[in-house]
Amino acid sequence: MDTAPATPAPLTRLDGSPVRVLVVDDEVNLTELLSMALRYEGWEVRTAGTGTAAVRTAKDFRPDAVVLDMMLPDFNGLEVMRRLRAQDPNIPVLFLTAKDAVEDRVAGLTAGGDDYVTKPFSLEEVVARCRALMRRTAVAATAGDSTLVVGDLVLDEDSHEVTRAGEPIALTATEFELLRYLMRNPKRVLSKAQILDRVWNYDFGGQANVVELYISYLRKKIDAGREPMIHTMRGVGYVLKPAP
């Protein structure tokens, strides 16, 4: 007997209103298709064809996520992201890129992007990645009341607040997800491949320097001026454990 595939639960803002997505691409047909797919999810969508229009639209629209083409008529996606993050430092960004070189894909993530898809892509993939990003940034309430505690480090999965020794620590969406994964596996050595698969949700073609980069970001925020909690196990991976 055949069974229908499970339909993902509707994703809404914490106040129950529709999530908002800004789609930025100068290909009108593509933005229309993406908008239709995202609206089918019940989300509110705005579009922009240039970087200038994207920044202006985001100021009024206040999107929960941005689908952003790397190549735009006026300036590139990295510059658009920089300007958007000046308005909202934690806004998740999904890059669209026509480039197949792994180095180009890495550039978007190392500059602070949260994920990417390479053209041509399926609409379903873009929707799925948007859902994952918005869950990661707590656009929608998640089940459970988890507060993770390792030593004097505390992470609240619901409010996305992180403290160490009572002092608040501000993290980006990807830094938060990486720290959450480490804190869910305290004293366990996690390989770069495991971290890539869990935090970025795909095999990144051996580009483990992305993991190294984000581990260094975390160390600067978590361990700066304190006994270190994040340790490198050379040739194996990373482990988070309470400071002695």
Criterion salt bridge (charged side-chain N to carboxylate O under 4.0 Å, His left out) on R129 and D115, from CA distance to verdict: CA-CA 8 Å; R129 290 188 185 275; D115 206 346; 3.0 Å; yes
F121-V45 co-clustered via ILVMFWY side chain contacts under 4.5 Å: yes
Which donor-acceptor pairs under 3.5 Å do the side chains of residues 74-81 make with protein atoms, sequence neighbours left out?
{"unit_1": "D74", "atom_1": "OD1", "unit_2": "G51", "atom_2": "N", "d": "2.9"}
{"unit_1": "D74", "atom_1": "OD2", "unit_2": "G51", "atom_2": "N", "d": "3.2"}
{"unit_1": "D74", "atom_1": "OD2", "unit_2": "T52", "atom_2": "N", "d": "2.9"}
{"unit_1": "D74", "atom_1": "OD2", "unit_2": "T52", "atom_2": "OG1", "d": "2.8"}
{"unit_1": "N76", "atom_1": "OD1", "unit_2": "L78", "atom_2": "N", "d": "3.1"}
{"unit_1": "N76", "atom_1": "OD1", "unit_2": "E79", "atom_2": "N", "d": "2.9"}
{"unit_1": "E79", "atom_1": "OE1", "unit_2": "R82", "atom_2": "NE", "d": "3.1"}
{"unit_1": "E79", "atom_1": "OE2", "unit_2": "R82", "atom_2": "NE", "d": "3.4"}
{"unit_1": "E79", "atom_1": "OE2", "unit_2": "R82", "atom_2": "NH2", "d": "2.7"}
{"unit_1": "E79", "atom_1": "OE2", "unit_2": "R83", "atom_2": "NE", "d": "2.7"}
{"unit_1": "E79", "atom_1": "OE2", "unit_2": "R83", "atom_2": "NH2", "d": "3.3"}

Closest contact, heavy atoms only, G42 versus P18: O-CB, 3.4 Å
Side chain to side chain, P63 and I91, heavy atoms closer than 4.5 Å: yes
Worked verdict on R39 versus E44 for salt bridge (charged side-chain N to carboxylate O under 4.0 Å, His left out): CA-CA 6 Å; R39 287 190 180 109; E44 193 176 340; over 6 Å; no
Spacing of D156 atom CG and L148 atom CG [to the nearest 0.5 Å]: 9.0 Å
Remaining members of hydrophobic cluster (4.5 Å side-chain criterion), Y40: none
Side-chain touch Y217/E212, heavy atoms, less than 4.5 angstrom: no
Y214-V239 co-clustered via ILVMFWY side chain contacts under 4.5 Å: no
Non-hydrogen atoms of V211 and K192 that approach each other most closely: CG2-O, 3.9 Å
Spacing of CG belonging to L133 relative to CG belonging to L94, to within rounding of 0.5 Å: 6.0 Å
Electrostatic pair D88-R20, nearest N-O below 4.0 angstrom: no
Separation of T172 OG1 from D114 CG (nearest 0.5 Å): 7.0 Å
Side chain to side chain contact (heavy atoms under 4.5 Å, CB included) between R198 and L190, worked out: CA-CA 10 Å; R198 174 60 182 82; L190 302 170; over 6 Å; no
R131/E41 ion pair, N-O < 4.0 Å: yes
Check against side chain to side chain contact (heavy atoms under 4.5 Å, CB included), D64 and V21: CA-CA 6 Å; D64 299 302; V21 182; over 6 Å; no
Interatomic spacing from CZ in R46 to CG in D60 - rounded to 0.5 Å: 7.5 Å
For L178 against V199, the heavy-atom pair lying closest together: CA-CG2, 3.9 Å
With K59 via salt bridge (Lys or Arg N to Asp or Glu O under 4.0 Å) - residues at least two apart: none
Joint hydrophobic cluster, V154 plus V162, side-chain heavy atoms closer than 4.5 Å: no
Shared hydrophobic cluster, L182 / V189 (ILVMFWY, side-chain heavy atoms < 4.5 Å): no
Side-chain atoms of residues 26-33: list all donor-acceptor pairs with protein atoms under 3.5 Å, sequence neighbours left out, distances to 0.1 Å.
{"unit_1": "E27", "atom_1": "OE2", "unit_2": "K119", "atom_2": "NZ", "d": "3.0"}
{"unit_1": "T31", "atom_1": "OG1", "unit_2": "V28", "atom_2": "O", "d": "2.8"}

Heavy-atom side-chain proximity of W43 to C130 below 4.5 angstrom: yes
Closest non-hydrogen atom pair between D69 and L96, with its separation: OD1-O, 3.1 Å
Separation between CZ of R184 and CG of L155, rounded to the nearest 0.5 Å: 9.0 Å
Derivation of the side chain to side chain contact (heavy atoms under 4.5 Å, CB included) call for T47 and L22: CA-CA 6 Å; T47 62; L22 174 60; 5.8 Å; no
Side-chain donor/acceptor of S216 to backbone N/O of L213, under 3.5 Å: yes
Close side-chain approach of L38 to L123, heavy-atom, < 4.5 Å: no
Of all pairs that satisfy salt bridge (Lys or Arg N to Asp or Glu O under 4.0 Å), the ones with a partner from residues 159-169, not counting sequence neighbours: D152-R164, R164-D223, E167-R226
Distance (rounded to the nearest 0.5 Å) between M71 CE and F95 CZ: 12.0 Å
Side-chain donor-acceptor distances from residues 228-236 under 3.5 Å, at least two apart:
{"unit_1": "H231", "atom_1": "NE2", "unit_2": "P228", "atom_2": "O", "d": "3.4"}
{"unit_1": "T232", "atom_1": "OG1", "unit_2": "R219", "atom_2": "NH1", "d": "3.4"}
{"unit_1": "T232", "atom_1": "OG1", "unit_2": "R219", "atom_2": "NH2", "d": "2.7"}

Considering all heavy atoms, the nearest V24-T50 contact: CG1-O, 4.0 Å
Criterion side chain to side chain contact (heavy atoms under 4.5 Å, CB included) on Q194 and R188, from CA distance to verdict: CA-CA 12 Å; Q194 285 175 308; R188 177 183 168 200; 3.3 Å; yes
Cluster link L240 to V149, ILVMFWY, side chain under 4.5 Å: no
Closest non-hydrogen atom pair between G49 and P73, with its separation: O-CD, 3.5 Å
